[in-house]
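Here is the structure we will look at, set down as structure tokens.
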Amino acid sequence: MDKYILSLNPAQKEAVTTTEGPLLVLAGAGSGKTRVITARSAYLIYKGVPSASIVAVTFTNRAAREMRERITALLRKSRSNPPTVSTFHSLCLQILRKEMKHIGLRKNFTIYSASEQAALLKNLLLDISVYNKQFKPEVILERIGRLKNSFTSPEDMDSTEDDPLSIIVARAYPEYQKTLRTMNAVDFDDLLLLVIELFRKVPGILDEYRERFRYIMVDEYQDTNRVQYTLLKLLAGKRKNLCVVGDDDQSVYSWRGANLGNILDFEDDFKGTKVIRLEQNYRSMGNILEAANSLITKNSRRMEKSLWTSEGAGPTIKIMKALDGEGEAVFVVSKILHLINSKKLSCEDFAIIYRANVFSRLFEVELRRKKIPYTVIGGTSYFDRKEVKDLAAYMKIILNRYDDVNLLRIANLPRRGIGITSIGKLHDHAGNKNIPLIDAFSNASGMEGINEKTASKADALANMLKRYRSAFLKGKGMAKLLSGLIEEIGFHEHIRNFYKTDDVAVKRIDNVNAFVESLKYYEENEKSPSLQGFIETLALDDKPEKEQEKSGVTLVSLHSSKGLEFPVVFIVGVEEDMIPHSKSLDDEGGLEEERRLMYVGITRAMRELFLTYTACRIKYGTKTVSSPSQFIAEMPDEIIEHIETECADEEASAEEIDIKEEYEKVMAILNS
DNA sequence: TCTAGCGGTCGAACA
DNA sequence: GACCGCTAGA
Ligand SMILES: Nc1ncnc2c1ncn2[C@@H]1O[C@H](COP(=O)(O)OP(=O)(O)OP(=O)(O)O)[C@@H](O)[C@H]1O
């Protein structure tokens, strides 16, 4: 520990040893902000503060996991437990699970993912007959989310707006909240909002948590929203031992309500705040830093900060134009191979960073072709696969019998003779009688418009789910149970029917098996495993350590790359309409946020940075001409170098023919 | 009630 | 290109 403290610079040291009162660490990329939080946590414990009194909040579960590991390593000698390190959402979920009775949530409530939210909203719009194809559920959800995150309850909604979308939102929002509660479900926003509601309603509980979390630290503070801010303010209470670190230039989540005001006004909101600036960058070589600095100064709305490095200039920044998306992938991967061989770098030293997750595919194909291992962060994981989501839906309705959305999903999957019309009738019946859908299934016999055969099928389904419910809730041998369920519903046959070709079906079945495996893994590695716990893991994307193998080249979106670092970084698809994204430009301040995103990407690089773009790209199935991003021109000419690609890799042209073939093969694997 | 096939659409990022 | 919703026909 002492040694670690010594390795900090004076400004960092001051931040670490200022343990009481509000503290704002404001600093640019790579200046050691995260390290301050890690060191400060360890320092507090070292000074005798119980670990249980400390909470550090990070933005992603991945970041939380890494920080926990680092702190644990620092504490090795003292044999203390690590403090709570968690995201806002996980932290709030933990609180809600314990205190749910105070705010009317029932046991085993479900967290709805984006697609479940959309399914719920769509059903409900149809029910109250305001469904309008023009306004997609996602658009309405975004508006609802914005209302929720500005603490606008359905009651105090401004009803003076009369454009069609606002009218629909006004009708949908109250229903949406009501339906979530009847289904004993919450969305991501609710996790935080309900905790705030709880704290306001039951001050005793708030006091309890204030006593418990005496020291609060927040990483990536620039990306917190009003709700998160409110939560922090409540928790910090009079003690105000709140330490936040952030960089206004790295605020890239305005679409989730991130509010720069939180960081800009921190000093006003917390009187007596100590502000510490860190100015030395320990991550990047000079040229990289210069490119980042000169880009970001094009933004008008920012806090002045300086950032320097004691490192040399290092290599120039390489800009590369490829013919098309595939050419870009071929170039990047051959460059990686080349650097691995010539500079003794390992795969883990490389990252390929893109604006949109779809980009990962092209690179995955090429990496596989060259047999280079890689890890994709974010995007659609195999937990998002249809067959996995179907099984998860079974588990969710088993866990929470009010979860109509997931019951609807699996009611006739695999086909069991309960068709759309019957489901519609059952749904209406449940709605009229105010009972959960599953009860309508059990009482289907004799219901108008439902024939006996269907009724008995519905009843059988309800019974089966009930049977599994009592078995699963024991929390033991769940993987076996799931296998049994898969068998009983004939899921494998269903998949074989559904996907005509053997190849694809086999892959899908592999996914199913992998899902069973991950449940098994969870059971074996969790102190007190439960169905609920496993499902939460899925919802919060909080996978256990070992399952998250982090080896090989990293593929990651610009957003998720925040906080990471790599010796060599490729930012790909650096094109107009991509970065800046065409859809971002309508928003107020959209261009500046895109520039910050680019800034985040650039500053991930330690030694070498490549930016690539294409001459044309396939968009929505048609070839479109692309042009380099305006951000490229915003970097000083002296430090950039344009390099040629055509024939950069001699093999490439010779292998051209193979590529097509292998491409198809690999795509088939990836798609399954 | 289910399936195949067609046509329209396309707003990315995350817990 | 991929996904969704609709329609025709079994
Ligand atoms: N005092 C120091 N001496 C040497 N290296 C340091 C020091 N502080 C931090 N570093 C190193 O600098 C790099 C960046 O640190 P860190 O991730 O904490 O920065 P950050 O400000 O959180 O960056 P970002 O905002 O870009 O996420 C890390 O590799 C870290 O180990």
Side-chain angles (χ1 to χ4, degrees), chain A residues 57-64 86-93 111-115 117-119 122 126 131 133-139 141-142 145 149 186-192 220 223-225 227-228 251-258 325 353-362 377-381 384 386 412-424 451 453-454 457 497-498 500 536-542 556-562 573 577-587 590 593-594 596-597 600-601 617-624 667 671:
Chain A
V57 182
T58 61
F59 216 65
T60 62
N61 283 300
R62 169 179 288 266
S86 156
T87 62
F88 278 105
H89 292 87
S90 303
L91 186 68
C92 288
L93 176 61
I111 304 163
Y112 273 180
S113 68
S115 61
Q117 289 178 59
K122 200 179 155 191
L126 288 167
Y131 186 65
K133 259 190 274 175
Q134 237 186 306
F135 305 111
K136 304 206 299 176
E138 289 78 10
V139 175
L141 277 171
E142 198 199 298
N149 282 313
V186 300
D187 62 20
F188 282 112
D189 295 333
D190 284 337
L191 288 175
L192 313 208
E220 311 281 12
D223 276 322
T224 52
N225 61 27
V227 172
Q228 291 161 333
S251 171
V252 291
Y253 283 93
S254 68
W255 49 278
R256 247 177 66 180
I353 309 183
Y354 34 75
R355 176 65 228 260
N357 284 311
V358 277
F359 277 62
S360 75
R361 274 311 167 79
L362 286 167
I377 298 180
T380 43
S381 80
D384 297 321
K386 185 187 177 315
N412 199 31
L413 188 150
R415 310 251 110 98
R416 54 170 68 87
I418 312 175
I420 310 242
T421 33
S422 307
I423 293 176
N451 65 38
K453 215 163 140 196
T454 313
K457 296 257 169 63
N497 279 328
F498 200 83
K500 294 289 173 289
E536 272 164 17
T537 287
L538 301 185
L540 295 182
D541 195 23
D542 188 6
V556 64
S557 69
L558 283 162
H559 282 92
S560 309
S561 75
K562 194 150 55 78
D577 292 349
M578 229 30 246
I579 325 175
H581 197 281
S582 45
K583 292 294 162 193
S584 68
L585 300 177
D586 339 326
D587 301 348
E593 176 149 328
E594 294 293 302
R596 291 196 291 268
L597 202 49
V600 167
R617 194 179 277 288
I618 304 205
K619 261 185 206 160
Y620 303 138
T622 45
K623 216 174 192 182
T624 34
M667 274 320 271
N671 282 328

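Chain identifiers are assigned alphabetically (A, B, ...) following the order of the sequence lines, protein sequences preceding nucleic acid strands; residue numbering begins at 1 within each chain.
The residue A:S422 sits close only to the backbone: its heavy atoms come under 4.0 Å of sugar-phosphate atoms, none of a base. Residue contacts shown for A:V252 are absent, as no nucleic acid heavy atom lies under 4.0 Å away. Residue A:D190 is out of contact with every strand shown, counting any heavy-atom pair closer than 4.0 Å. In this structure, A:T60 reaches the sugar-phosphate backbone alone: every heavy-atom distance under 4.0 Å involves primed, P, OP1 or OP2 atoms, never a base. Nucleic acid contact for A:F59: sugar-phosphate only, since backbone atoms but no base atoms lie under 4.0 Å from a heavy atom of the residue. Contacts of A:E138 with the nucleic acid, taken as non-hydrogen atoms under 4.0 Å apart, are absent.
Nucleotides B:dA13 and C:dC4, compared at atom C1', are 23 Å apart to the nearest Å.
By the 30° and 60° cut-offs, the orientation of the rings of A:Y354 relative to A:F359 is parallel.
Distances were taken from every side-chain heavy atom of A:R355 (C-beta onward) to each of B:dA12, B:dC14, B:dG11; the shortest belongs to B:dA12. Nearest nucleotide to the side chain of A:A356, out of B:dC14, B:dA12, B:dA15: B:dA12. When the nucleotides B:dA13, B:dT3, B:dC2 are ranked by their closest atom to the side chain of A:R415, B:dT3 comes out on top.
Looking only at side-chain heavy atoms (C-beta outward), A:S557 and A:R355 stay at 4.5 Å or farther from each other.
Every residue two or more places apart in sequence or in another chain that forms a side-chain contact (heavy atoms from CB on, under 4.5 Å) with A:D189 is listed here: A:K148, A:N149, A:D187, A:L193. Every side chain to side chain donor-acceptor pair (under 3.5 Å) that A:S360 has, sequence neighbours left out, goes to A:E364. Every residue meeting the side chain to side chain donor-acceptor pair (under 3.5 Å) condition with A:E536, not counting sequence neighbours, appears here in chain and number order: A:R97. Remark: A:S86 pairs with no residue by the side chain to side chain donor-acceptor pair (under 3.5 Å) rule, at least two apart or across chains. By the side chain to side chain donor-acceptor pair (under 3.5 Å) test, A:S561 is found to be paired with no residue, residues two or more places apart in sequence or in another chain being considered.
A:I353 has its CD1 atom 16 Å from the C1' atom of B:dA12, to the nearest Å. Distance CZ (A:R256) to P (B:dA13): 13 Å, rounded to an integer number of Å. Rounded to an integer number of Å, the gap from A:L192 CG to B:dC14 P is 18 Å. Atom-to-atom, CG of A:D541 to P of B:dC14 comes out at 10 Å; the value is rounded to the nearest Å.
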I'd like a table of atom pairs between the protein and nucleotides 5-9 of chain C - only N or O on both sides, under 3.5 Å - with the distance next to each one.
from: C:dG5; atom 1: OP1; to: A:K122; atom 2: NZ; distance (Å): 2.3

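Residue order along DNA chain B, read from the 5' end via each residue's closest nucleotide, puts A:I420 first among A:I420 and A:H89.
In this structure, A:Y253 does not pack face-to-face on the six-membered ring of B:dC14, missing the 5.5 Å centre cutoff or the 30° plane limit. Both stacking criteria are satisfied for A:H581 over the base of B:dA12: a centre-to-centre distance under 5.5 angstrom and an angle between ring planes under 30 degrees.
Taking side-chain N and O atoms only, A:N225 has no distance below 4.0 Å to OP1 or OP2 of B:dA15. Put simply, A:N357 has a side-chain N or O that comes within less than 4.0 Å of OP1 or OP2 on B:dC14. Proximity of A:S584 to the phosphate of B:dA12: no side-chain N or O atom is located under 4.0 Å from OP1 or OP2. Side-chain nitrogen and oxygen atoms of A:S560 include at least one within less than 4.0 Å of the OP1 or OP2 phosphate oxygen of B:dC14.
In terms of modelled atom types and a separation under 3.5 Å, the side chain of A:N412 and the main chain of A:I418 share a donor-acceptor contact.
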